[in-house]
Each structure stands twice: as structure tokens, then as C-alpha cells.
Amino acid sequence: MPKTTLLPLLASGEYRSGQALADALGVSRTAIWKQLNALSGYGLRIESVKGRGYRIPGGIDLLDEALVQAALTPAAAALLTRLQVLETIDSTNAEAMRQLEAGAGAGLVCTAEQQSAGRGRRGRTWVSPFARNLYLSVAWRYHQGAAALEGLSLAVGVAVARALAANGLPAVQLKWPNDVIFRGAKLGGVLLEMTGDAAGVCQIVVGVGLNVAMPDSAAVAIDQAWTDIKSISAGTPPGRNALLAALLNELLPLLATFEEHGFAPWREEWLALDAFADAPVVLHTGAQDLAGIARGVDERGALRLETASAGLQTIYGGEISLRRAR
Ligand code: BTN
């Protein structure tokens, strides 16, 4: 779907008359009205006041490809093959996967202002309101099969934590396998999806969702404790473009080198960020609940769980979730 050309003109939050908008875009008032309708369809509140025109109260911080490109490190810029900034999509992970299947190469980044069917782990929906949070997916190709990618999702969590620290945000923690949390509330999540040959050439999409300024109207659909960058920032929160660039500055080099070095070089940093280190936990595997003490992760990224009955066990990822025991 083509982008709504009107949106950047309203992003500042100032009133613009219908005629001024039509003149700026060289289109008719009817065309403007159609675009305003489309924007309302995205859940954006457009205020219309007779004699003043239209505005988006409070304005919006739109994603801007040029701003992101300009804030990339040389290393990240060299690894990026395409940066796609979409207005709306079902899921950036699904889109990146479609593009990989259509022949796109490693280094494709797909982001969107809104996801209509954002995917979370364990079949959950990822709440993805328009122009408020970050939804990004990075595509990569690997050659040594899935085994060489063990621990990648944990390393992605570390990369996200680094990117937030680089923007002056307070330290976040990680919850195995890869939730990004702040004081017990979820700030972001990571979803890895893979296709191809599990023992040979495979394509992977690394999806990251980060709550930046979650509106209350969207948050009602979230069924767990959550927070956002706006709430955890001591001063003015960083903009979404700066955050997106910082994420790519960490993620692209990570993805480019992971197959060679694996999770081992990331393990110490992951352990230092572990929100559940030595805490009593319950592991929900679907079939059963397993209570024990979380003892960090091994060099492959597997959870080390100490249980009363079986001692130290190693648990690999998948459809498993971890909760602090009450
Ligand atoms: C989780 O459940 O914690 C993982 C959430 C991952 C959400 C991101 S948003 C960008 C990408 N596209 C998706 O559909 N999901 C991931």
C-alpha cells in the first residue's frame, strides 16, 4: 500500500487547513479527505476544528529512513542491504520472511509504523499501535544449520539492552529466553523465525518489538505487566529513529558474526542482565510446570534450572515460559 503523503505534514501536531494541505501536496480537497479517513483507520486521532483545520493532538514521531541511515555506524551501514519503512503491515517478521523467500539477501530490515497482526512468542499477539512503538525485523542467511544458531535469541536480548544503554536509558534486564524487562514489567520482546534446511542453509528473521510510548487505549489488550521507554526515561525519551538506529547498530554486527562465534562471547553479559538469577521460578512447558531455582544459562543459551527432584537440568527454548515463583 502506498504511504499516506499527508502524514508528515501533520506530524508536528500543528493545525493545517484542508486547503493548505491540498496545496502542499498538489491534490484536491477530496484527496486530502480520503487520506484523513485512512489515517483514522490506523487508529490515529485527527482533530478537526472549523476555521483552523486538522491536527494530530500532541503530534507524532514518525519513522524516517534518512534519519536512521544517518545514525548508523559504518559497520552497521555496510551490513544493511535494504531498510524498508512501511506504514502498515500484517507483521514485519512475516514481511521479511516473504521477502527472503522471494530472494532478498541478508541485511534486509523491515520496520513499520503499525502491525495489524503482530506476532509474539507462543502464539500471542504483539500489540502494535501506529507510530508509538518500534517493530522491526532483520533477515539473515546462515549456512551451518540451526545448531549453529543456538543462543542467538539470547544474544539479541543483549544487543537490545546495549542499544538502550547507548541512548542513555537506565539498565534493563533480560528474562530467559529473551524478554526485555524493566523492574519486572515487559519493555520488549524478541521473536526469531526460521525457514530452510535445519541442517544446512537457512534463513532467519529476527523480530524485535520495543514499547516506546504505548497509548493506554492499546495497552488494554496486553495481558501482562508492561512498560515503555517513555515511562523509564529520566529526562526526554530518545526518539524512535535514534532508538531504531541504535538497535540496528547492535543487531547487524551480531547477526553477521554469530555463526562464527556462537553464544559463548555473549554469555557473561547475558548473565549480568539476568532478571531471575538464583530466583525461585516455575517453568511452564505446556505439558507440565517445573519448579526450581534459575541458575543462569549455559554456553549454548539453555536455561540451568535446579530442581529438588533432579538437581541441575538444562532446558532448551521453544514454547516454554518462565515465571517468578510466588
Ligand atoms: C514476544 O512475545 O516477546 C516477542 C514479541 C516480538 C514482536 C516483534 S514486533 C516486530 C516483529 N514482527 C512481529 O510480528 N513480531 C516481532
Side-chain angles (χ1 to χ4, degrees), residues 63 68 83-101 104 108-140 152-161 163-164 172-182 184-195 203-214 218-219 221-229 240 243-248 250-252 255 270 273 275-276 283-284 286 301 303 317-323:
L63 293 177
V68 176
L83 174 59
Q84 200 178 21
V85 180
L86 301 165
E87 211 157 72
T88 187
I89 195 77
D90 51 354
S91 148
T92 56
N93 263 28
E95 175 62 17
M97 197 54 94
R98 286 191 288 265
Q99 294 204 26
L100 270 176
E101 279 160 9
L108 161 80
V109 174
C110 179
T111 68
E113 298 288 7
Q114 180 199 47
Q115 297 184 117
S116 56
R119 308 208 278 238
R121 283 184 67 240
R122 304 167 63 238
R124 291 172 122 153
T125 298
W126 189 255
V127 173
S128 309
F130 194 91
R132 295 303 205 113
N133 302 325
L134 282 176
Y135 322 112
L136 67 139
S137 300
V138 187
W140 213 265
L152 173 58
S153 71
L154 280 79
V156 169
V158 174
V160 172
L164 300 180
V172 295
Q173 289 187 303
L174 300 174
K175 189 186 102 169
W176 188 88
N178 46 23
D179 283 0
V180 181
I181 63 173
F182 183 79
K186 187 154 169 169
L187 179 66
V190 176
L191 180 68
L192 261 61
E193 296 183 86
M194 200 184 111
T195 57
Q203 292 86 39
I204 195 144
V205 171
V206 173
V208 177
L210 186 67
N211 298 334
V212 178
M214 180 73 83
I222 306 178
D223 60 358
Q224 57 187 319
W226 64 273
T227 188
D228 58 14
I229 297 288
R240 290 196 307 144
L243 283 168
L244 177 54
L247 287 166
L248 297 179
E250 295 294 338
L251 287 171
L252 288 162
L255 293 176
W270 196 95
L273 299 171
F276 284 4
L283 192 73
H284 302 277
L303 175 74
E319 298 302 292
I320 293 177
S321 74
L322 189 65
R323 298 253 185 288

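When a ligand or atom number is given, it counts from 1 through the structure's own listing order.
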Chemist: Work out which heavy atom in I222 is nearest to a heavy atom in M214; give both atom names and the distance.
Modeler: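 Minimum heavy-atom contact is CD1-CE, 3.4 Å.
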Chemist: Are any of the side-chain nitrogens in E193 or R121 under 4.0 Å away from the carboxylate oxygens of its partner?
Modeler: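 So E193 does not pair with R121 through a salt bridge.
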Chemist: Between D223 and R124, is there a side-chain N and carboxylate O pair less than 4.0 Å apart?
Modeler: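 Yes, charged N to carboxylate O under 4.0 Å.
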Chemist: Strictly by modelled atom types, are T88 and Q114 linked by a side-chain donor-acceptor pair under 3.5 Å?
Modeler: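 Indeed, the side chains of T88 and Q114 share at least one donor-acceptor pair under 3.5 Å.
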Chemist: Check the side chains of N178 and S153 for a donor-acceptor pair under 3.5 angstrom, ignoring hydrogens and angles.
Modeler: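 N178 and S153 do have a side-chain donor-acceptor pair below 3.5 Å.
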Chemist: Taking a 3.5 Å cut-off between nitrogen or oxygen atoms, can you list every pair linking ligand 1 to the protein, with distances?
Modeler:
{"residue": "ligand 1", "atom": "2 (O)", "partner": "R121", "partner atom": "N", "Å": "2.7"}
{"residue": "ligand 1", "atom": "3 (O)", "partner": "K186", "partner atom": "NZ", "Å": "2.5"}
{"residue": "ligand 1", "atom": "12 (N)", "partner": "T92", "partner atom": "OG1", "Å": "3.1"}
{"residue": "ligand 1", "atom": "12 (N)", "partner": "N93", "partner atom": "N", "Å": "3.4"}
{"residue": "ligand 1", "atom": "12 (N)", "partner": "Q115", "partner atom": "OE1", "Å": "2.9"}
{"residue": "ligand 1", "atom": "14 (O)", "partner": "S91", "partner atom": "OG", "Å": "2.7"}
{"residue": "ligand 1", "atom": "14 (O)", "partner": "Q115", "partner atom": "OE1", "Å": "3.3"}
{"residue": "ligand 1", "atom": "14 (O)", "partner": "R119", "partner atom": "N", "Å": "2.7"}
{"residue": "ligand 1", "atom": "15 (N)", "partner": "R119", "partner atom": "O", "Å": "2.7"}

Chemist: Give a yes or no on whether a salt bridge exists between R98 and E101, defined as a side-chain N under 4.0 angstrom from a carboxylate O.
Modeler: no
